[in-house]
Number of protein chains: 2
Amino acid sequence: MTIPQQSSLLRMSTFRLARRLRAQKSDDSVSDAQFAVLATLSIHGEHTLSALAERERVSAPSMNRTVNCLEEAGYLARAEDAIDRRKTNISLTASGIELVEATVSKRDAWLTERMRALTADERDLLARAAELMGRLATQ
Amino acid sequence: MTIPQQSSLLRMSTFRLARRLRAQKSDDSVSDAQFAVLATLSIHGEHTLSALAERERVSAPSMNRTVNCLEEAGYLARAEDAIDRRKTNISLTASGIELVEATVSKRDAWLTERMRALTADERDLLARAAELMGRLATQ
DNA sequence: TATTGTTATACTCTATAACTATA
DNA sequence: TATAGTTATAGAGTATAACAATA
């Protein structure tokens with residue numbers, strides 16, 4: 001198999017699996033865009049609005065709106081920066097942490113159940129592949 | 001490593017790689033939702049509106065709107081069904097086929113370039129993993 | 001009566017341009 | 001003057017409810 005053929009296979013399988021995983025949510029009231037923000041705050045901690053916009057590759061006004069919705073729903077909180085008063089520091093509330101954990105658990109449970117149907121060798125192969133995929137994505 | 005740990009690794013890497021791949025487009029004027037429709041028509045051929053809505057898991061009015069945009073942009077065409085005149089058959093135009101091929105090429109080129117940095121054994125491992133991921137997604 | 005597609009309406013996500021407050 | 005955040009406005013994607021045409 002040529003390298004382009006291998007790439008094409010990996011691209012298709014990655015999209016299909018990501019799509020199935022994304023469908024596993026713990027709460028339908030939060031959109032994909034909103035959940036991505038909560039997940040980013042969960043993994044990388046407190047962000048200013050513009051840092052969050054840059055990381056999610058959307059405009060600041062767009063992120064501002066999404067943050068407004070999430071703040072209103074009680075999943076995150078804004079706090080004025082003590083030093084630079086133009087900035088607002090955005091972080092998860094207890095309720096936001098809970099929602100991220102519940103969704104991550106649901107997705108992992110869905111995948112774990114399907115991985116039990118594989119052999120130990122196949123699971124090991126997938127774990128090693130995951131490490132390589134991470135490297136490809138950050139390259 | 002436990003099965004849940006393997007699952008969690010695979011989930012994170014899949015999302016990261018899918019995100020990077022999705023960012024590789026050949027034309028910024030077509031949204032993700034619109035491109036997904038074009039890709040579905042490219043892979044699975046002609047669809048009625050409701051078949052398309054069901055496959056993309058959105059409502060019929062939502063799909064109708066997306067199809068309107070794509071029709072106006074000239075990427076797909078509606079045709080009346082000869083037998084059942086309630087139905088409209090939706091298929092890609094030459095321009096639509098071209099756009100799908102250009103985007104797929106760009107994504108594959110991006111991934112192929114990064115896979116060249118791996119060893120032959122690592123690429124082979126990823127190709128076998130892709131097959132397993134496809135199986136997990138359809139299970 | 002049921003199905004297919006569409007229109008009406010409303011809310012979220014997206015963007016650019018313009019504004020406010022602070023540095 | 002520059003930067004961080006926000007508001008104004010407009011276009012696209014999502015949904016449910018209601019409608020027209022056809023089976």
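Values in this document were obtained by computation on a predicted structure and should not be read as measured data. Numbers restart at 1 for each chain; the letters A, B, ... are given by sequence-line order, proteins then strands.
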Problem - Intermediate values then yes/no, side-chain hydrogen bond (donor to acceptor under 3.5 Å, both in side chains), B:Glu131 and A:Ser13 - result: CA-CA 7 Å; B:Glu131 195 273 320; A:Ser13 292; over 6 Å; no
Problem - Per B:Thr88 side chain, nearest of listed nucleotides C:dG5, C:dA15, D:dA4 - result: C:dG5
Exercise for the section: If you link ILVMFWY side chains whenever their heavy atoms are less than 4.5 Å apart, which other residues fall into the same cluster as A:Met12? By chain and number, please. Expected result: none
Completion exercise
Closest non-hydrogen atoms of A:Ser26 and A:Thr103, given as atom of the first, atom of the second and distance, are OG-OG1, 3.1 Å
Handout entry: B:Met1: hydrophobic cluster co-members (side-chain, 4.5 Å)
Key = B:Leu9
Exercise for the section: Mind listing the residues from residues 30-56 of chain A sitting with a heavy atom below 4.0 Å of DNA chain D? Number order is fine. Expected result: A:Thr48, A:Leu49, A:Ser50
Check nucleotides 19-23 of chain D for protein N or O atoms closer than 3.5 Å to its own N or O atoms and list the pairs.
residue: D:dT22; atom: OP1; partner: B:Arg85; partner atom: NH2; Å: 3.2
residue: D:dA23; atom: OP1; partner: B:Ile83; partner atom: O; Å: 3.4
residue: D:dA23; atom: OP1; partner: B:Arg85; partner atom: N; Å: 3.1

Practice task
Check whether any side-chain N or O of B:Arg78 sits under 4.0 Å from OP1 or OP2 of C:dT6, and answer yes or no.
Solution key: yes
Practice task
Grab the NZ-C1' distance between B:Lys87 and C:dT4 for me, whole Å please.
Solution key: 8 Å
Handout entry: Electrostatic pair A:Asp81:A:Arg85 at N-O distance under 4.0 angstrom
Key = no
Practice task
Could you tell me whether A:Glu56 and B:Arg19 make a salt bridge, using a distance below 4.0 angstrom between a side-chain N and a carboxylate O?
Solution key: yes
Completion exercise
A:Glu80 CD to C:dT22 P, in whole Å, measures 8 Å
Problem - Base of C:dT12 paired with side chain of A:Arg65 (donor-acceptor, under 3.5 Å) - result: no
Problem - Remaining members of hydrophobic cluster (4.5 Å side-chain criterion), A:Leu99 - result: A:Val30, A:Phe35, A:Val37, A:Leu38, A:Leu41, A:Leu49, A:Leu52, A:Val58, A:Met63, A:Val67, A:Leu70, A:Tyr75, A:Leu76, A:Ile90, A:Leu92, A:Ile97, A:Val100, A:Val104
Exercise for the section: With sequence neighbours excluded, give me every side chain to side chain donor-acceptor pair (under 3.5 Å) pair touching residues 57-67 of chain A. Expected result: A:Asn64-A:Arg78
Practice task
Scan B:Ser62 against the nucleic acid and name what it touches under 4.0 Å (heavy atoms): base, sugar-phosphate only, or nothing.
Solution key: base
Exercise for the section: State which of D:dT14, C:dT14, C:dT7 makes the closest approach to the side chain of B:Pro61. Expected result: C:dT7
Exercise for the section: Under 4.0 Å between any heavy atoms, over every strand shown, what does B:Ser59 touch: base, sugar-phosphate, or nothing? Just pick one. Expected result: base
